[in-house]
Amino acid sequence: MLTEFLDFLGSLHPLIVHLPIGIILLTIAIDVFMRNKNNSVYRVITMGWFFTFFTGLLAALFGWFLGDNGYYFESQINIHRWSGIALVSLSFIIWVLRYINFRFSKPFNRSLNLTTIILLMVTGHFGGEMTHGQNYLFENLPYIEKEISLVKLSEAKRSKADSLMVYEDLIHPILEEKCMACHNQNHAYGGLNMSAFESMVKGGNSGTGIKKGKPYESLIYKRVSFPHDHPKFMPPAGVPLSYDQIATLEWWIDNGAEKQIPVTSVRNDAKIQRMIEIQYGLDLKEKTFLETLKLASPSPEMLKSIQGEKYFFRYLNPEQSFMDLKFTKKEINTKDLINIQKVKKNIVWLNLMDCMLKDDHLGYLNDFPNLTRLKIQKNPLITNKGIEALKNLENLSELNLYGTRVSDAALITLGQIQSLKKLFLWNTRITPQAIADFKAQHPEIEIVAGL
Ligand code: HEC
């Protein structure tokens, strides 16, 4: 009952403060502008200082009740509180001195007026910051960027998006900036200490802070997603969480609220993924093998082996390290293959179509670590036996066997190539039934087998 009444008085503070402000300004104006002061003017000024003191005292008292509720930042309250008290005390002293007819010298009187105005501005400014938020004074100037959040990922963290954690790197910094001034070991308003993960999850006096999988039953989420003018909206002072930050928090709680969920797992939700990418300047798209591969370009020495009209090659990347190589003649021999082997690290695409390739030849290809695409179509001498050698191509994702003599058994070998994504089997001896079975077993592999 009493606390509610005090809270009510506290809420009158913003109203009452305008009385002493008006009275001070009027009193000082009379003092400054009425040059010839007779006795009554002198007494009006003295009275002005009295009412400044009296209404100021009321405002300070009510302000004290208001400041006690924990809805403001300590640091801001302190400056506002003590400059307010100084202002009330100063007006009291001035009133008493005038009342006992103490005559001020002109310069002294002027400096008292000036000090009062300065104190008034300081008090008013910090009071304004508490209710309207920091920067309220300048934020509408055209050349000022509106402060949305101080939370940004560092360049170093952004460059290794794959190792970022949702809680540690995205959510914790926001909560630290916007909540922990009031929810820590020393000030745990509402009984809620958010500085440690466990105590944040546990919550405060009125319930669980974070309920895994249930954002709408998690107090932390509920309080930040209330309408801004709701009495329980958090944070009660300062810049609120942005829409994106609230959505990220919701996604995290929805997905188990674990401390260690990698940021890349937001790939399960395209909207959140996009939102996080924009907000933090991240690229969370899944990288293909080639996007993660770093290679030096082949030396002139190595390139010598594939010069001449038998070979045609081009680079696939600006760094000139990924090669697409094609054998151009109608008949290949082992020497040609040994030449190609010299640049095997750099070859990512290899085209050996229609050149009388034999099963034995494929043995020369079994150690091409970065080969992702291999074309050996229209080589009717290739059988299941040759395919065996391709098992070791760890990064092979596309293989063209069109027009070779492979049969159903080759699929057993091909099924062992983990990286395989696309397979051309048109015009081979593989039966439609075997293809259907293979597709059922390897849904991730696309098969092109003709009409
Ligand atoms: C300026 C101080 C301040 C800041 C900043 C602040 N809070 Fe609070 N918070 C309080 C006070 C005071 C209470 C207790 C009164 C109430 O429940 O409204 C409270 C209560 C809560 C409660 C209820 C605890 C319980 O179990 O009763 C939650 C949840 C909460 N805050 C979450 C947050 C979150 C999340 C943020 C940051 C986005 C935040 N707060 C920022 C002052 C603050």
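Start at 1 and go down the list; that is how both ligands and their atoms are numbered. Remember, predicted model here, so these are calculated numbers, not experimental data.
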Using only heavy-atom distances, determine whether the side chains of [X] and [Y] contain a donor-acceptor pair under 3.5 Å.
X	Y	value
N268	W251	yes
S321	S297	no
D367	N392	no

Q. Which bit of L241 gets closer than 4.0 Å to ligand 1, counting heavy atoms only: side chain, backbone, both or neither?
A. side chain
Q. Side chain or backbone of Y72 under 4.0 Å from ligand 1, or both, or neither, by non-hydrogen atoms?
A.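 It is the backbone that touches ligand 1; the side chain stays farther off.
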In ligand 1, which numbered atoms sit nearer than 4.0 Å to a non-hydrogen atom of [X]?
X	value
V224	35 (C), 38 (C)
I220	35 (C)
L219	26 (O), 29 (C)
Y71	1 (C), 11 (C), 12 (C), 15 (C), 16 (C), 18 (O)

Q. Hey, does S206 come in under 3.5 Å of ligand 1, counting only N/O atoms on both sides?
A. yes
Q: Give yes or no for whether the N/O distance cutoff of 3.5 Å, strictly under, is met between N205 and ligand 1.
A: yes
Any salt bridge linking [X] with [Y]? Criterion: basic side-chain nitrogen under 4.0 Å from a carboxylate oxygen.
X	Y	value
K212	E258	yes
K422	E398	no
D283	R158	no

**Q.** Pair F197 + Y167: ring centers closer than 6.0 Å
**A.** yes
Q. Can the ring centroids of F92 and F53 be said to lie less than 6.0 angstrom from one another?
A.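 So the answer is yes for these two rings.
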Q. Among L295, I347, N346, whose side chain to side chain contact (heavy atoms under 4.5 Å, CB included) with F322 holds?
A. L295
Shortest heavy-atom approach to [atom] - which of [options]:
atom	options	result
atom 6 (C) of ligand 1	P236, A237, S218, S225	P236
atom 22 (C) of ligand 1	Q245, R223, H187	R223
atom 20 (C) of ligand 1	K202, M194, H183	H183

Q) With a cut-off of 2.8 Å, does any N, O or S atom of M234 fall short of it relative to atom 8 (Fe) of ligand 1? A) yes
(Q) atom 8 (Fe) of ligand 1 and C179: any N/O/S contact shorter than 2.8 Å? (A)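 Checking atom 8 (Fe) of ligand 1 against C179, no N, O or S atom falls under 2.8 Å.
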In the protein, which heavy atom is nearest to [atom], and how far is it?
atom	value
atom 4 (C) of ligand 1	C182 SG, 3.2 Å
atom 14 (C) of ligand 1	G190 N, 3.7 Å
atom 42 (C) of ligand 1	G70 O, 3.4 Å
atom 11 (C) of ligand 1	Y189 CB, 3.3 Å
atom 28 (C) of ligand 1	L192 CD2, 3.4 Å

Q: For the residue pair S40 and R43, establish whether any side-chain heavy-atom pair is separated by less than 4.5 Å.
A: no
Q.
Using a 6.0 Å distance limit plus a 45 degree cone around the ring axis, check whether R98 lies over the aromatic ring of Y42.
A.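 Yes, R98 sits over the ring of Y42.
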